[in-house]
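Chain naming here is simple, since letters A, B, ... match the order of the sequence lines and numbering starts at 1 in each.
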There are 2 protein chains.
Amino acid sequence: MQKAAIERNNETIAAQLTPVGRETVQDRVYSELRRALIGGLFEPSQVLTIRGLADALVTSTMPVREALGRLITEKALEALPNRSVRVPPITLERIDDLLRARSLIEGEAIALAATRMGPRQIATIEAMLGEWDEMRALKHKKDIDREATLNQSFHFEIYRCCGSAVLIPMIESLWLQSGPCIRVAIYAFSEAGEVDTAHYHRSIVAALAKQDAQAAREALVADISRPFAFLRDKLQSAAAKDRT
Amino acid sequence: MQKAAIERNNETIAAQLTPVGRETVQDRVYSELRRALIGGLFEPSQVLTIRGLADALVTSTMPVREALGRLITEKALEALPNRSVRVPPITLERIDDLLRARSLIEGEAIALAATRMGPRQIATIEAMLGEWDEMRALKHKKDIDREATLNQSFHFEIYRCCGSAVLIPMIESLWLQSGPCIRVAIYAFSEAGEVDTAHYHRSIVAALAKQDAQAAREALVADISRPFAFLRDKLQSAAAKDRT
DNA sequence: TCAAAGCAAGTGTGATCACAAATCAAAAAA
DNA sequence: TTTTTTGATTTGTGATCACACTTGCTTTGA
């Protein structure tokens, strides 16, 4: 009966090894497409083909078609009656609709998080704030991708603290849907002399540190409203010019 | 140049024919599984196999696996590390989580709908109320499925009026997730001498008729809270008995 | 010159097969 | 009797093929 010894030995080994995971090809394709979508690598109204993506990702069509199907059900992509799939086009109604939903749900999530975040979590997002400043000090132009990634990490680090396994996937779905839209705005921001984006994040952190749920919610809504409002104006003026 | 004549002839034909549609097998499988899930035909923690479902639905595995993938991404099903898929088990946290999310989002949807529903729409849901009474007067026992369906139609008829293409899919996802849970409660209700379910719906209709968004929201929350609260008590007492 | 028909390339969908991993049951060892 | 091992069956995953539909272009006819 050396079962205990064997068990102990296995545990020792397990402690040294890092899990290799068993991610399927489909999962990798799905993650990659998600990343591309949130990052705004695809343009609104762009049509995607299964074989095209399969070639680009160097796999067969099978994992791609399943990943596309999943993205369609969460409204990150759109199935046309022709059976082809495209990233949803931007419309004024859709912008307002997305902003309202995001304010509602992400606002609730941050309000919940405000009462649950400990000093440990606050420190984490404060560190991200510092990283942000650091990056902007260097003034790299092409760090727009990195900036977007950092922004995403900042928000989801907070949302993860809300303790709701139901809300978080919904928020992810909303980011997926608004990704292609807001990327347009982000680019425009970057060109038009960036307003102090970090300012909004700072007030979010301040509210969370005080455990002030209402203030956190308002600061968050102000933060996410900005690119949507910008995009809205841009679309409206474009429509006005179109009419002339 | 008899183009106009031909055109007119085609229109005449078109008026007589009903569109045949071009629904794929995958779509049918998906709809069928959705129906089963919302209707509570699957039990929580039940494991589903691709080939098993394919046999039951009399198709090949291909449409089933894609439908399952879609249901997993909207959290209606759960992918185990073993790669097998099951309907998510019920836990106390999950019940509270689902109720909170549903109150938040469906509450917002009905508040929006309250300002947008015309007399036409009000009449529609009032008619459903009547249908409900009629059904209960007959006192059929096995009409529990029909009752659930009617309940679903009632709610979504309202939600459709909220004018948000983003909120509605989220609500559908939430119903999908809570379907297997609340079915347990519904059955128990039906046995334990049904409380006046219709009463809650009547107060919803009354609030909507007055365009009172806040009252509508509160009435709705009261309505959907009921089965969740019931299920919560049941689970807690079961856990208490388990401890002894 | 222009519109309709016809053809060819491309695309999504479903079926089937091969393979690896998981599961379960019976047999062997302790 | 209990535990381990072994082997057979089941299951998910990915690849490939066949088919039907769409799309875009060319050709034909008025």
Side-chain angles (χ1 to χ4, degrees), chain A residues 1-10 17 19-33 42 45-73 76-88, chain B residues 1-11 13 17 19-33 42 45-73 76-88:
Chain A
M1 171 73 95
Q2 33 176 317
K3 204 172 65 175
I6 293 175
E7 185 69 22
R8 195 161 51 246
N9 183 31
N10 283 345
L17 261 38
V20 66
R22 227 159 45 90
E23 203 183 27
T24 64
V25 179
Q26 178 190 156
D27 290 334
R28 277 199 297 276
V29 171
Y30 177 69
S31 303
E32 188 61 20
L33 291 180
F42 298 134
S45 299
Q46 180 177 351
V47 174
L48 304 178
T49 67
I50 294 181
R51 286 176 172 89
L53 289 174
D55 289 349
L57 296 167
V58 197
T59 44
S60 78
T61 63
M62 183 64 56
V64 175
R65 59 199 268 194
E66 304 201 337
L68 284 187
R70 291 167 67 180
L71 289 168
I72 289 170
T73 66
L77 295 175
E78 194 179 43
L80 274 59
N82 323 344
R83 293 275 154 85
S84 59
V85 8
R86 70 170 176 187
V87 9
Chain B
M1 172 74 92
Q2 30 176 322
K3 206 171 62 175
I6 293 175
E7 185 70 19
R8 195 164 50 246
N9 184 29
N10 283 345
E11 278 175 18
I13 295 176
L17 263 37
V20 67
R22 226 159 43 87
E23 204 183 27
T24 63
V25 178
Q26 179 190 153
D27 289 335
R28 278 198 297 275
V29 171
Y30 177 69
S31 304
E32 189 59 23
L33 291 180
F42 297 134
S45 301
Q46 181 178 351
V47 174
L48 304 177
T49 66
I50 295 182
R51 286 174 171 92
L53 290 174
D55 288 349
L57 296 167
V58 196
T59 46
S60 77
T61 64
M62 185 63 56
V64 176
R65 58 199 270 193
E66 306 202 335
L68 284 186
R70 290 168 68 180
L71 289 168
I72 289 171
T73 68
L77 295 176
E78 194 179 43
L80 274 59
N82 324 343
R83 294 275 156 83
S84 61
V85 4
R86 70 170 177 189
V87 10

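In this structure, CG of L68(A) is placed 8 Å from P of dG12(C), rounded to the nearest angstrom. Separating the CG atom of D27(A) from the P atom of dG14(D) is a distance of 8 Å, rounded to the nearest angstrom. Atom CD of E23(B) is separated from atom P of dC21(D) by 16 Å (rounded to the nearest Å). Following rounding to the nearest Å, L80(B) (CG) and dT13(D) (P) show an atom-to-atom distance of 12 Å. Regarding E78(B), its CD atom lies at a distance of 17 Å from the C1' atom of dG12(D), rounded to whole Å. Computed from coordinates, the I50(B) CD1 to dT16(C) C1' distance equals 14 Å when rounded to whole Å. Atom-to-atom, CG of N82(B) to C1' of dT13(D) comes out at 15 Å; the value is rounded to the nearest Å. Atom CE of M62(A) and atom C1' of dT16(D) are 8 Å apart (whole Å).
In terms of heavy-atom proximity, D27(A) sits nearest to E23(A) at CB-CG, 3.7 Å. The nearest pair of heavy atoms linking E78(B) to I72(B) is N-CG1, 4.5 Å. Residue V64(A) comes nearest to I50(A) through the heavy atom pair CG1-O, 3.8 Å, listed as atom of the first residue, atom of the second, then distance. Taking each heavy atom of A76(A) and P88(A) in turn, the nearest pair found is O-CD, 3.3 Å.
When heavy atoms are screened at a 4.0 angstrom cut-off, T59(B) is found touching no nucleic acid atom at all. Residue Q26(A) is in sugar-phosphate contact alone, with no base atom involved, counting any heavy-atom pair closer than 4.0 Å across all strands shown.
Contact of R65(A) with dG14(C) (side chain to base): a donor-acceptor pair of N or O atoms is detected under 3.5 Å. Within 3.5 Å, a donor on the side chain of R51(A) pairs with an acceptor on the base of dG12(C), or the reverse.
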